[in-house]
Amino acid sequence: MKTYKYRARKSSRELVEGSVAAETQDEAIDKINKMGLLPIDVDVEKETVTPKVSSPAIQAPRFHVHPHEVTIAYRQLARLVKSGVPILSALALTVEQAETRDFKTILETIQTGVREGYNFSVCLSAFKKIFSPFEIALIQTGETVGKLDEVLLRIANYRESQEELHSKLKSAMAYPVFVLVLGCATVFFMMTYVIPHFSSFFLDLGQELPFITKVLIAVSEMCQAGGLWALLAVAVIFFLIRGSLKSKNGKLAWDKFFLKIPKIGKLIMMEETSRFCRTLELLIKSGVTIVPAVKISVPVMSNEAIRIALERCYQALQQGGYLSEALRNANLFPAFVIHLIHIGEESGRLDETLGEISDWYDKEISDGMRLMTQLLGPIMILIIGLFVGLIVVAVLLPIFNMNALVT
């Protein structure tokens, strides 16, 4: 099966471009005609062979690079290339600005590959754990159309927006998590150290204890006897969950579960929708046609369930048709998003429409995280306060009863 790139007339005033999968050129023309288009040019899409840069450093899987350092390098390269500096010289200058030894080694290896005659995108593809297929495809397109500086700048802006979004999410969850951990540690300390001293005192009195105090003492004894076992069980569960997330089936099951959680699932879907639309927007603006653009966008998704659904959309697009139709059949994104994408396809402004959808969802995610932060903090404090209050009441009740007996 080959991929044919076509240019066709949709109406007397509108030309469209795309690609279809077919065995022969005649079959590709038939598919284009069935789409209601009049083909003008239909040619086999050239596949780019990715040669490997002959350097032993490429085989070493021990590189650890912070994502923000890569973003800075992209922005530096964009400024240098835009100023007219050749990519080889720009790489040499970027190597000097590298902060870590690992990243400097990577840039030097890429520089060596470019000096040997390989394309910049080909050299980047040797480090797929550092540079994503999405970024490599954009750079490859930028090299082809002579707009490498624009592509590098778009990648830098995209990465910065994603880093900012993740930073907001981490900041939003930091306070609730801190309150939860501190509260659990406080309750555990009281149950294993403070309550045992009171329980021995109450038992020496020989009086009937209130029900809530009996329950508290029983729980305290359980924590003392099985505290280490409980911590061990938590550690085992943690490592089991972590191991399941590393397997494809395990990650798929967890990702489906997270999507079903109220509020959280909606927030995840909004983030994935925004990422997909932003990625597709950048690819289309850089000159990548819709079918390979969707294929490149699939690995960018972090949720395995959404990734599988998008793979089905890509397979449907290969047979011809519209992106909105494939997304509707996959029952993936909200109806209004699919409707907007359909309007963008009809108007020939799909990239702008995708950008607007992404901008809107980014704002919704930011507002949702801010609201979640405002609610989770007080809720955690209230829950921990209730537990501590119950402990205090359970301790004070026998003392009040003892005072009543004395008087």
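These values consider heavy atoms only, across backbone and side chains, with no hydrogens, waters or symmetry-generated copies.
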> Which pair of non-hydrogen atoms, one from I365 and one from E271, has the smallest distance, and what is that distance?
Replying inline: CD1-CA, 3.3 Å
>> Given 3.5 Å as the limit, does a donor-acceptor pair link the side chain of E143 with the main chain of S121, or not?
In response: yes
Throw together a table of side-chain donor-acceptor distances under 3.5 angstrom for residues 80-93, partners on residues two or more places apart or in other chains.
from: S83; atom 1: OG; to: R79; atom 2: O; distance (Å): 2.8

>> Any donor-acceptor pair under 3.5 Å linking the side-chain atoms of S297 with those of Y314?
In response: no
> Would you say P133 and K128 make side-chain contact, with heavy atoms under 4.5 Å?
Replying inline: no
> Any side-chain donor-acceptor pair under 3.5 Å between S358 and E281?
Replying inline: no
> Rounded to the nearest 0.5 Å, how far apart are CD of E272 and CD1 of I306?
Replying inline: 4.5 Å
>> Tell me every residue that passes side chain to side chain donor-acceptor pair (under 3.5 Å) with R154, counting only those two or more places apart in sequence or in another chain.
In response: S286
> Are Y74 and E135 close enough that a side-chain donor and a side-chain acceptor fall under 3.5 Å?
Replying inline: yes
> What are the two closest heavy atoms between E304 and D255, and how far apart are they?
Replying inline: N-OD2, 2.7 Å
> Taking it one step at a time, do L259 and K266 satisfy side-chain contact (heavy atoms from CB on, under 4.5 Å)?
Replying inline: CA-CA 7 Å; L259 286 175; K266 183 180 179 181; over 6 Å; no
>> Just so I know, are the side chains of F131 and C123 near enough to count as touching, which here means a heavy-atom distance under 4.5 Å?
In response: no
> What heavy-atom pair brings A305 and K256 nearest, and what distance separates the two atoms?
Replying inline: CB-CG, 3.9 Å
> Going by atom types alone, do N157 and R75 pair a side-chain donor with an acceptor below 3.5 Å?
Replying inline: yes
> Quick one: CE on M270 to CD1 on I357, what's the gap to the nearest 0.5 Å?
Replying inline: 14.0 Å
>> Taking T100's backbone N and O only, do any of them form a donor-acceptor pair with E69's side chain (distance below 3.5 Å, no angle check)?
In response: yes
>> On a heavy-atom basis, which atom in I136 and which in S125 lie closest, and how many Å separate them?
In response: CD1-CA, 3.3 Å
>> Run E160 and T71 through side chain to side chain donor-acceptor pair (under 3.5 Å) and show every step you take.
In response: CA-CA 7 Å; E160 284 182 352; T71 305; over 6 Å; no
> Can you find a pair of side-chain heavy atoms, one from V65 and one from F127, that are under 4.5 Å apart?
Replying inline: no
> Looking at NZ of K104 and CZ of R101, how far apart are the two atoms once the value is rounded to the nearest 0.5 Å?
Replying inline: 9.5 Å
>> Let me confirm one number: the NZ-CD distance from K285 to E352, rounded to the nearest 0.5 Å.
In response: 7.0 Å
> Which residue pairs pass the side chain to side chain donor-acceptor pair (under 3.5 Å) test when at least one of the two sits in residues 331-343, sequence neighbours left out?
Replying inline: S324-H342
> Is it the case that more than 12 heavy atoms not belonging to E99 sit under 6.0 Å from its CD atom?
Replying inline: no
> Parallel under 30°, tilted from 30 to 60°, perpendicular over 60°: which one fits the rings of W360 and F336?
Replying inline: perpendicular
> Hey, are the side chains of V95 and I110 touching, using non-hydrogen atoms and a 4.5 Å cut-off?
Replying inline: no
>> Working to the nearest 0.5 angstrom, can you tell me the gap between I72 CD1 and H68 NE2?
In response: 3.5 Å
>> Ignoring hydrogens, what is the shortest heavy-atom contact between R275 and Y158? Give both atom names and the distance.
In response: CG-OH, 3.5 Å
> Looking only at heavy atoms, which two atoms of T353 and I341 are closest? And how far apart?
Replying inline: CG2-N, 4.2 Å
> Tell me, do I290 and L350 make a side-chain contact under 4.5 Å, heavy atoms counted?
Replying inline: yes
>> Measuring only between side-chain heavy atoms, which start at C-beta, is K214 closer than 4.5 Å to I217?
In response: no
>> Using side-chain contact (heavy atoms from CB on, under 4.5 Å), reason through L317 and Y322 one step at a time and then give a plain yes or no.
In response: CA-CA 7 Å; L317 283 174; Y322 290 97; 5.9 Å; no
>> Go through it in stages, so that I can follow the logic: the residues are V393 and T213, the test is side-chain contact (heavy atoms from CB on, under 4.5 Å), and I'd like the CA-CA distance, side-chain angles, deciding distance and then a yes or no.
In response: CA-CA 8 Å; V393 170; T213 307; over 6 Å; no
> So do L77 and F120 actually touch side chain to side chain, heavy atoms under 4.5 Å?
Replying inline: yes
>> With a 4.5 Å cut-off on side-chain heavy atoms, are L310 and L327 touching?
In response: yes
> Would you call E311 and R307 a salt bridge, using N to O less than 4.0 angstrom?
Replying inline: no
>> Nearest 0.5 Å, please: how far is CG in N303 from OG1 in T273?
In response: 10.5 Å
>> Can you tell whether the side chains of K363 and D359 come within less than 4.0 Å, N to carboxylate O?
In response: no
>> Applying side-chain contact (heavy atoms from CB on, under 4.5 Å) to L107 and F103, what does each step give before you reach the verdict?
In response: CA-CA 6 Å; L107 291 176; F103 193 49; 3.7 Å; yes
